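Below you'll find the structure, written out as structure tokens, and then a few comments.
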Amino acid sequence: MFALIDCNNFYVSCERLFNPGLRGRPVVVLSNNDGCFISRSEEAKAIGLGMGEPAFKCRELLQQHRVALYSANFPLYGDLSARVMRTLADFAPDIEIYSIDECFLDLSGFGRFDLDRYARQIRQTVEKHTGIPVSIGIGATKTLAKAASRMAKKNASLGGVSLLRTDAGIRDALSGMAVEHIWGIGRRYGALLHRHRIHTALDFAAAPAPWVRRNLHITGARVQEELNGRSCLPLELVRPPKQSICTSRSFGTPVIAKEELQHAVVHFASKCAFKLRREESRASLVTVFACTSPFAPKEKRYWGTETLSLPAPSNDTLLLLKAATLALERLYRRGYEYKKAGVILSGIGSVSEPQQTTLSLFDTDPLPEKQGRAASLMEALDALNFRYGPGTLRLASDCSSGWKQRQEKLSPAYTTRWSDIIEVKP
DNA sequence: TCTGGGGTCCTAGGACCC
DNA sequence: TCTGGGGTCCTAGGACCC
């Protein structure tokens, strides 16, 4: 058996934790740039604020119901997530942290326990230790556990826990679930399935397997197997190293000048390089993109992208930055209002992998020595920024000007930044 | 005026190899 | 005139997840 533990309206719950006055009120957390709703309290859902909906379209509703708005505060959410996960890790030998607000526990071998009671105990403990409310679904496969947790969340009478064990219980649950709400079946496949008169999760479980394999490919076939109680998705106990690393942002106000766009790209490239080193990896491809608003009139739209291949995989900020700057140089077109840009690193391998050294014919600097110096420099950079806070030491070209994003409703980083919670008297 | 960010996996098709 | 067979690797695009 697997359990899926899912934090309820996670970001909103984090904000409420430090602001109990928000309980019972409609609360939403906005995406970067204060754009869309990315977390909503039950009260906010009830008045019709949709997930991913742009906030400006709901202005009246927001005022009318005095909805509390928050800018996304990821340092806070990340830290609270870690606390929840640490608490959960005590309840099972194997745990997979699936996302910032969800994790799977392996409950095989817990057959002798009263799983329902155990789940309620987990719920209470998490609430007591961290203040975050969670829902728990239990089933024979990850997909069934997911379905169960959805039920636990939707159906208040279950008290936050749903256990799918008997055939009758499973059939009952699946028959009440629209096919597009199955984990791994999204809007597009949902629409396709409805056109073929497959409306519920139970319909999908019973659909002809070859047809599913043909039309929804191997991923869909696995989902079907899992719904029928045959586990195809094992727990991932160690997070596999990332295959790509991306840093991108929308701008608070459009950027026109190349220099300003460059500042942003340099900043994103530095962040990417840092994430890469944290992963103990190296990348061989650097992609830069910059684009106008997709909502701009057609003739004012532009989507520029450029990928450069490095002579050898690297995680050196200086090198990655040089490549990113060159890429931007190539894709930049004068006269557009850029609304978003980003840097993507790919072709990623571990630093422990033997590096094929491509020596340049014209390189007079002996390569290993050069790399050694670069590595020491990066080590010092990361150590200082860890000790004194991100951005303490950075490249001169990494200056944020102009392209700043909007974050008008930002709460303090209560658990990770002293300066946010204490006033330092001079 | 204002519309997020960061990932994964799979497939088809083309280029290329012997 | 007739023009193979068996591979690999890479990329773009489409689907999905939170």
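Letters go in sequence order (proteins before strands), and every chain restarts at 1. Note that the structure is a prediction, hence the values are computed from the model and not measured.
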> Residues from residues 235-249 of chain A sitting under 4.0 Å of DNA chain B, heavy atoms only?
Replying inline: A/Lys242, A/Gln243, A/Ser244, A/Ile245, A/Cys246, A/Thr247, A/Ser248, A/Arg249
> Dot-bracket for DNA chain B, 5' to 3', counting Watson-Crick or G-U wobble pairs under 3.5 Å, with [ ] for crossing pairs and | for inter-strand pairs?
Replying inline: ....||||||||||||||
>> Test of understanding: with side chain to side chain donor-acceptor pair (under 3.5 Å), list the residues that count as partners of A/Lys322, not counting sequence neighbours.
In response: none
>> Does atom NZ (A/Lys275) have a neighbourhood of more than 12 heavy atoms from anything else shown, all under 6.0 Å?
In response: yes
> Would a 4.5 Å heavy-atom cut-off, applied to side chains only, mark A/Val288 and A/Thr325 as touching?
Replying inline: no
> Charged N to carboxylate O below 4.0 Å: is that the case for A/Lys45 and A/Glu42?
Replying inline: yes
> For residues 232-256 of chain A, which residue pairs qualify under salt bridge (charged side-chain N to carboxylate O under 4.0 Å, His left out), counting only residues two or more places apart or in two chains?
Replying inline: A/Arg239-A/Glu279
> Hey, would you say the A/Phe204 and A/Trp183 ring centroids sit under 6.0 Å apart?
Replying inline: no
> So what does A/Asn32 touch, heavy atoms closer than 4.0 Å: a base, only the sugar-phosphate, or nothing?
Replying inline: sugar-phosphate
>> Any salt bridge linking A/Asp6 with A/Lys153? Criterion: basic side-chain nitrogen under 4.0 Å from a carboxylate oxygen.
In response: yes
> Applying ring pair (Phe, Tyr, Trp, His ring centres under 6.0 Å), which residue pairs with at least one partner in residues 314-346 of chain A are found, sequence neighbours left out?
Replying inline: A/Tyr302-A/Tyr336, A/Tyr332-A/Tyr338
>> Other residues, nucleotides and ligands only: do more than 12 of their heavy atoms fall within 6.0 Å of NZ on A/Lys146?
In response: yes
> Are the charged groups of A/Asp382 and A/Arg277 less than 4.0 angstrom apart, N to O?
Replying inline: yes
>> Evaluate A/Asn73 against A/Ser411 for side-chain hydrogen bond (donor to acceptor under 3.5 Å, both in side chains), listing each step before the verdict.
In response: CA-CA 7 Å; A/Asn73 184 346; A/Ser411 54; 3.0 Å; yes
> With A/His196, which residues qualify under ring-ring contact (aromatic ring centres under 6.0 Å, His included), at least two apart?
Replying inline: A/Trp211
>> Short of 4.0 Å, heavy atom to strand atom, which residues of residues 52-64 of chain A count as contacting DNA chain B?
In response: A/Pro54, A/Phe56, A/Arg59
>> For A/His217, give me all partners under ring-ring contact (aromatic ring centres under 6.0 Å, His included), at least two apart in sequence or on another chain.
In response: none
>> Are more than 12 heavy atoms, taken from residues, nucleotides or ligands other than A/Arg171, located less than 6.0 Å from that residue's CZ atom?
In response: no
> How would you label the contact of A/Asp34 with the nucleic acid (heavy atoms, under 4.0 Å): base, sugar-phosphate, or nothing?
Replying inline: nothing
>> By the 4.0 Å heavy-atom rule, please label A/Ile182 as base, sugar-phosphate, or nothing.
In response: sugar-phosphate
> Does A/Arg16 pair with A/Glu43 as a salt bridge, N-O distance under 4.0 Å?
Replying inline: yes
> Heavy-atom contacts under 4.0 Å between residues 204-229 of chain A and DNA chain B, which residues?
Replying inline: A/Arg213, A/His217, A/Ile218, A/Arg222
> Would you call A/Phe2 and A/Ser231 a side-chain contact if the rule is heavy atoms closer than 4.5 Å?
Replying inline: yes
> Are the aromatic rings of A/Tyr70 and A/Tyr11 close, with centres under 6.0 Å apart?
Replying inline: no
> Where along residues 129-136 of chain A does a heavy atom fall under 4.0 Å from DNA chain B?
Replying inline: none
> Who passes side chain to side chain donor-acceptor pair (under 3.5 Å) against A/Ser270, sequence neighbours left out?
Replying inline: none
>> Using a 4.0 Å cut-off to any heavy atom of chain A, which nucleotides of DNA chain B are the first and last in contact, reading 5' to 3'?
In response: B/dT1 to B/dT11
